[in-house]
> 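Dumping the structure here so I can ask a few things about it.
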2 protein chains.
Amino acid sequence: MRRPTIMDIAKAAGVSKGAVSYALNGRPGVSESTRERILTIANDLGWAPSNPARALAPGGRVGAIGMVVDRPARSLGIEPFFMQLVSGVETELSAQGVDLMLQVAEDVEAELAVYRRWAAERRVDGVVMVDLRVSDPRPEAMGVLPLPAVLLGGPEGAGGLPCLYTDDGVPMREVVHYLAAMGHRRIVRVAGPEEFVHTHSRTEAFRQAAERSGLLQSRTVHADYTGEAGSRTTRRLLAEAEPPTALVYDNDLMALAGLGVAAEMGIEVPSQLSIVAWDDSALCQMVRPSLTAVSRDVVSHGRRVASMLNAVLSGQQVESEETLAGELRPRGSTGPLTV
Amino acid sequence: MRRPTIMDIAKAAGVSKGAVSYALNGRPGVSESTRERILTIANDLGWAPSNPARALAPGGRVGAIGMVVDRPARSLGIEPFFMQLVSGVETELSAQGVDLMLQVAEDVEAELAVYRRWAAERRVDGVVMVDLRVSDPRPEAMGVLPLPAVLLGGPEGAGGLPCLYTDDGVPMREVVHYLAAMGHRRIVRVAGPEEFVHTHSRTEAFRQAAERSGLLQSRTVHADYTGEAGSRTTRRLLAEAEPPTALVYDNDLMALAGLGVAAEMGIEVPSQLSIVAWDDSALCQMVRPSLTAVSRDVVSHGRRVASMLNAVLSGQQVESEETLAGELRPRGSTGPLTV
DNA sequence: TTGAAAGCGGTACCAC
DNA sequence: GTGGTACCGCTTTCAA
């Protein structure tokens, strides 16, 4: 039982292939009555367009977009961020009948290799990029590739790519002022890898806010988003002569690990140590004490960035957009010092 | 700058399209010298096969396989299982130049709709299915669809689909005997949704093991894998007149939530309550006390199931396989009762 | 409005 | 061994 083609429909309706194509795509060139007849027959036959054929036809689209993710494989599985993002991207895409290709890669070079292959083999119509780096080679590389891209991140270093960006300065200041108001003087931020642009801008915001609040002992240290790195870093910090009284993490996972280390070292949260997470996945409300976190709507970011890419693909001029600022959600892991 | 086609190569080499195709695909029909010349030119031109064109040609493959996941969107983001599985599937696929399409769906019907669309539009060559249900409509539905599928799960109810299955009876017995040996009499298992086949077989194994150990007050209750459900269920259980002294969860997330609830209720783990998780993602080692868990190599399951699908797609007769049994990893969340 | 036909970029068959 | 060609299923142009 072969898949029906427009030729089958044409024969059944006694018209030509071209007429069927017009009817099916809702464009002028056939009379209303013919269109209806064709549509009925197509439906009866259970016809659906062959995607490869559509893509091959001049000007045709592949009907898929791609996403490559290149964080350490170990952290990937439990990093809530990505699946939430994928979820949002998906929601937007499936409304348009577009599919999502997902790849994990080792590093930026491998990621670029995937884009090059996708472009060369015509696997996807465009891509969504994440985790912009300082001097990221991708924006420039995408410039010469016939592969439209939008970026979640930026706008600095976006190299002209349309991007959906966030001003983390707002929530970062909120966090610092909140902690400072509760009497914390030694706040250390456990950040993501230094090479990420968003890490960088958060670091700058943190530094400024801390300085303005006169928190001279505050600083940022870097880890790689994994729970292991979060644990190790936290252990080291809490073992210092003058340990921090508050820790601000760049993702939920490291904050969770940090909470574990505090427990393991017999340091009580929040009376001896305050902890702030970032992203606010459901994990934060699952542990005790629950984690104070900066919340952002990752699913909606996914939706928006997908919709931007869609617009680019349909030839529209797309402007970069800013997301709503993240919001601080105070919970049990933060409080005044009681020592 | 148009993408180069085999016609361009043919012209440059002064041969026919057919010859180029043979040369490029490493099959007989061209002399060795011609082949080399063609390969060089193809390389110089930066040629790569057009995937749509390849797929369209008779007998052509799309070069992509699909995966649909239909767990509640909220749990998806933080459920480590899926990204790990995807990771494994990917590793295997990318070695073959095959891409992965990912979709999230509301329920089995929506999932089937995606398969039907993928088949009708020729979007993928085959699919990997997970979360087999009791009286699952999918195996039978896939039978009439021209879309090869392999199943992670089964083998009961697999309906003839090649599957990669696990005997959870082994680790389940290990868990029960371990807890019983430490003096636990009231063990409650907080399972996944009743409709899953793997839930069912674990329930049966749990029941038998408990019975054999004379643990008459042991039972299974169901939740939906989310942290919220894990919390709610745990809270209810621990508030009973004769609360359980050990809880065995069907995934890490619910176990984590359960640990949180115990803390919130002032119940000490493990002296008053033992907790066992299932899957053993990195989360288990991140919390305090660390979670005893049944460990299974989800990434490797992904690799294997992808390789089975690959074999099916290349026309081989594929037998179902069994995975290594999960292993109990005792950690801090389990111990003898000290009351 | 409708029908015929030319691509799109490969694969594979068939003469030579 | 090699070149020519039909075909895959759809879109779109061009005549009728």
Side-chain angles (χ1 to χ4, degrees), chain A residues 1-39 41-42 45-63 97 117-123 125 146 314, chain B residues 1-39 41-42 45-64 97 119-123 125 146:
Chain A
M1 217 180 74
R2 231 177 67 270
R3 300 175 52 255
T5 73
I6 53 169
M7 195 56 208
D8 298 325
I9 301 176
K11 278 192 193 131
V15 297
S16 75
K17 272 170 61 177
V20 175
S21 179
Y22 286 144
L24 256 16
N25 292 302
R27 63 182 65 213
V30 283
S31 66
E32 207 41 52
S33 60
T34 314
R35 180 186 309 273
E36 292 219 349
R37 195 156 43 92
I38 291 177
L39 254 35
I41 295 177
L45 259 44
W47 177 88
S50 154
N51 199 60
R54 264 217 170 135
L56 188 54
R61 296 238 203 112
V62 176
R117 183 175 65 82
W118 278 350
E121 302 182 354
R122 252 159 82 52
R123 292 276 190 165
D125 294 319
S314 39
Chain B
M1 218 180 76
R2 232 177 67 269
R3 301 175 52 255
T5 73
I6 53 169
M7 196 53 209
D8 297 325
I9 301 176
K11 279 192 193 131
V15 297
S16 74
K17 271 171 64 177
V20 175
S21 179
Y22 286 142
L24 256 16
N25 291 304
R27 62 182 66 208
V30 282
S31 67
E32 206 42 51
S33 60
T34 315
R35 179 187 308 274
E36 292 220 348
R37 195 155 43 90
I38 291 177
L39 254 35
I41 294 177
L45 260 43
W47 176 88
S50 154
N51 199 58
R54 259 211 175 142
L56 188 54
R61 295 239 203 112
V62 177
E121 302 182 354
R122 252 158 84 51
R123 292 274 189 166
D125 295 319

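Predicted model, so just to flag it, every value in this text is computed and none were measured. Letters A, B, ... mirror the listed sequences (proteins, then strands); counts begin at 1.
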> Tabulate atom names and distances for all N/O pairs under 3.5 angstrom spanning the protein and nucleotides 3-6 of chain C.
from, atom 1, to, atom 2, distance (Å)
C:dG3, OP2, A:S16, N, 3.2

> Determine: side-chain N/O of B:T34 to OP1/OP2 of D:dT2, distance under 4.0 Å, yes or no.
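The answer is yes; a side-chain N or O of B:T34 sits under 4.0 Å from OP1 or OP2.
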> Counting any heavy atom closer than 4.0 Å, what does B:R27 reach on the DNA or RNA strands: base, sugar-phosphate only, or nothing?
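Answer is sugar-phosphate: B:R27 comes under 4.0 Å of backbone atoms only.
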> Can you check whether A:S21 has a side-chain N or O nearer than 4.0 Å to OP1 or OP2 of D:dT11?
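Yes, within the criterion.
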> Which pair of non-hydrogen atoms, one from A:I38 and one from A:A13, has the smallest distance, and what is that distance?
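Here A:I38 and A:A13 meet closest at CG1-CB, 4.3 Å.
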> Would you say B:W47 reaches C:dG10's phosphate, i.e. side-chain N/O to OP1/OP2 under 4.0 Å?
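Yes, because at least one side-chain N or O of B:W47 sits under 4.0 Å from OP1 or OP2 of C:dG10.
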> Heavy atoms from C-beta onward define the side chain here; which of D:dG9, C:dG7, D:dT2 lies closest to that of A:P58?
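The closest nucleotide is C:dG7.
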> Look at B:S31 and D:dT2 and indicate whether a side-chain polar atom (N or O) is within less than 4.0 Å of OP1 or OP2.
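The answer is yes; a side-chain N or O of B:S31 sits under 4.0 Å from OP1 or OP2.
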> For B:A120, is there any backbone N or O sitting under 3.5 Å from a side-chain donor or acceptor partner on A:R3?
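Looks like yes, one N/O pair under 3.5 Å.
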> Less than 4.5 Å apart, side chain to side chain, heavy atoms only: is that true for B:L24 and B:I9?
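The answer is yes, as the side chains (C-beta and beyond) meet within the 4.5 Å cut-off.
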> In this structure, how many angstroms lie between the C1' atom of D:dC10 and the CZ atom of A:R61, rounded?
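Rounded to the whole Å, the gap is 16 Å.
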> What is the separation between atom CG on B:L56 and atom P on D:dC10, rounded to the nearest whole Å?
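Distance check: B:L56 CG to D:dC10 P gives 9 Å.
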> In whole Å, I'd like the distance from the CZ atom of B:R122 to the C1' atom of D:dC8.
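Result: 9 Å.
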> To check you understand the geometry: which heavy-atom pair defines the closest contact between B:P52 and A:R122, and what is its length?
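So the two residues come closest at CD-O, 3.5 Å.
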> Counting only side-chain nitrogens and oxygens, does A:R54 get under 4.0 Å of the OP1 or OP2 atom of D:dG9?
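Answer is no, no contact under 4.0 Å.
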> Would a distance-only check, ignoring hydrogens and angles, find a side-chain to backbone donor-acceptor pair under 3.5 Å from A:D125 to A:V62?
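Yes; at least one donor-acceptor contact below 3.5 Å.
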> Rounded to the nearest angstrom, tell me the gap between atom CD in A:E36 and atom C1' in C:dT1.
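That distance rounds to 16 Å.
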> Over how many whole Å does the gap from B:R3 atom CZ to C:dG9 atom C1' extend?
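Checked: the CZ to C1' distance equals 8 Å.
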> What integer distance in Å separates B:N25:CG from C:dG9:P?
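After rounding, the reported distance stands at 17 Å.
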> Please state whether the phosphate of D:dC8, meaning OP1 or OP2, lies under 4.0 angstrom from any side-chain nitrogen or oxygen of A:T5.
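Result: no.
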> A:P49 near the nucleic acid: base, sugar-phosphate alone, or nothing, with a heavy-atom cut-off under 4.0 Å?
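A:P49: backbone/sugar contact only, no base atoms under 4.0 Å.
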> Base, sugar-phosphate or nothing for A:A48? Non-hydrogen atoms, less than 4.0 Å.
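It contacts sugar-phosphate atoms only.
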> What integer distance in Å separates A:M7:CE from D:dC7:C1'?
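Checked: the CE to C1' distance equals 14 Å.
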> Any side-chain heavy atom of B:T34 sitting closer than 4.5 Å to one from B:R37?
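B:T34 reaches B:R37 side chain to side chain.
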> Rounded to whole Å, please give me the gap between CG in A:L24 and P in D:dC10.
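Value for this atom pair: 8 Å.
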> What is the minimum heavy-atom distance between B:R123 and A:G97, and which atoms define it?
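The answer is NH2-O, 3.1 Å.
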> Please report the closest heavy-atom contact between A:A19 and A:V30, naming both atoms and the distance.
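Heavy atoms only, the tightest pair is O-CG1, 3.6 Å.
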